[in-house]
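Indexing begins at 1, ligand by ligand and atom by atom, following the structure's order.
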Amino acid sequence: MGQDDPQGIDDTRGCVVEDSSSIGGLVKVNITVNGVAKESDVEPRTLLVHYLREHLQLTGTNIGCDTSSCGACTVHLDGEAVKSCTLLAAQADGSSVTTIEGISTNGEMHPMQKAFMENHGLQCGYCTPGMVMAAISLLKENPKPTEEDVRLGLEGNLCRCTGYHNIVKSVLAAAK
Ligand code: FES
Ligand code: FES
């Protein structure tokens, strides 16, 4: 990453990192988050995950790596699952974002959350918000997946605790 890199892109790792040379003026972003329109001034380098956690205090979306590989930061952007550490907040301007905090209805857990709870699909829970968001998206695209479909569909989400068996079981239960 060099001083002459205006976008703050670290070529060696392929992700956006902090770089004092990229600090410019603030940019205004309008993002609908969990159904509520938000207007915020952010640094151009602000990642979507940092915007959610630090500007909006939506800390259910976790950060588990800095290499776009763990999926702990998965949210829905205009209905599609995305890793929110791979996007700038400015890139989500004009879009709708749903986080784990936005999937319950009238205080009732989302069916996917219930399935994870009932099938012991978590241990420490760190990967769980991202796993749940990815699983909801998976079932939207494939409402009746096989076990293999679920394993393939969640391959971008890493869990250090469960061995995946109960996570897969949870998603299959939610699909019934
Ligand atoms: Fe985004 Fe790991 S924190 S993929
Ligand atoms: Fe601990 Fe998945 S439950 S990382």
Could you list the atoms of ligand 1 found under 4.0 angstrom from a heavy atom of S68?
-> 4 (S)
Smallest separation among heavy atoms of P44 and G25, with atom names = CD-O, 3.1 Å
To the nearest 10°, what's the angle at atom 1 (Fe) of ligand 2 between atoms SG (C161) and SG (C124)?
-> 100°
Only one of T61, T59, N34 clears side chain to side chain donor-acceptor pair (under 3.5 Å) with T99; which?
-> N34
Taking atom 2 (Fe) of ligand 1 as the apex, SG on C70 and SG on C65 give an angle, to 10°, of 110°
In ligand 1, the atoms that come under 4.0 Å of a heavy atom of G64 are 3 (S)
Among G71, G156, A72, which residue places a heavy atom closest to atom 4 (S) of ligand 1?
-> G71
Which atoms from ligand 2 have a heavy atom of G125 less than 4.0 Å away?
-> 1 (Fe), 3 (S)
If you count the atoms of ligand 1 from 1 in the order shown, which ones are under 4.0 Å from a heavy atom of C85?
-> 1 (Fe), 3 (S), 4 (S)
With no hydrogens and no angle check, do the side chains of N119 and N166 hold a donor and an acceptor under 3.5 Å apart?
-> no
2.8 Å cut-off met by an N, O or S atom of C159 to atom 1 (Fe) of ligand 2 = no
Got a second to check how far C70's SG is from M131's CE, nearest 0.5 Å?
-> 9.5 Å
If you look at every heavy atom in T162 and G121, which pair is closest and at what distance?
-> CG2-O, 4.2 Å
Do K114 and E108 meet the salt-bridge criterion of a basic N to acidic O distance under 4.0 Å?
-> yes
Distance filter under 4.0 Å to Q123 heavy atoms, resulting ligand 2 atoms | 3 (S)
d(D93 CG, N30 CG) to nearest 0.5 Å is 5.5 Å
Here the atoms of ligand 1 under 4.0 Å from any heavy atom belonging to C73 are 1 (Fe), 3 (S), 4 (S)
May I ask you to check if any N/O/S atom from C127 comes under 2.8 Å of atom 1 (Fe) of ligand 2?
-> no
Would you kindly specify which portion of S69 sits under 4.0 Å from ligand 1, judged on non-hydrogen atoms: side chain, backbone, both or neither?
-> backbone
Scanning both residues in full, the closest heavy-atom pair of S68 with K83 reads O-NZ, 3.1 Å
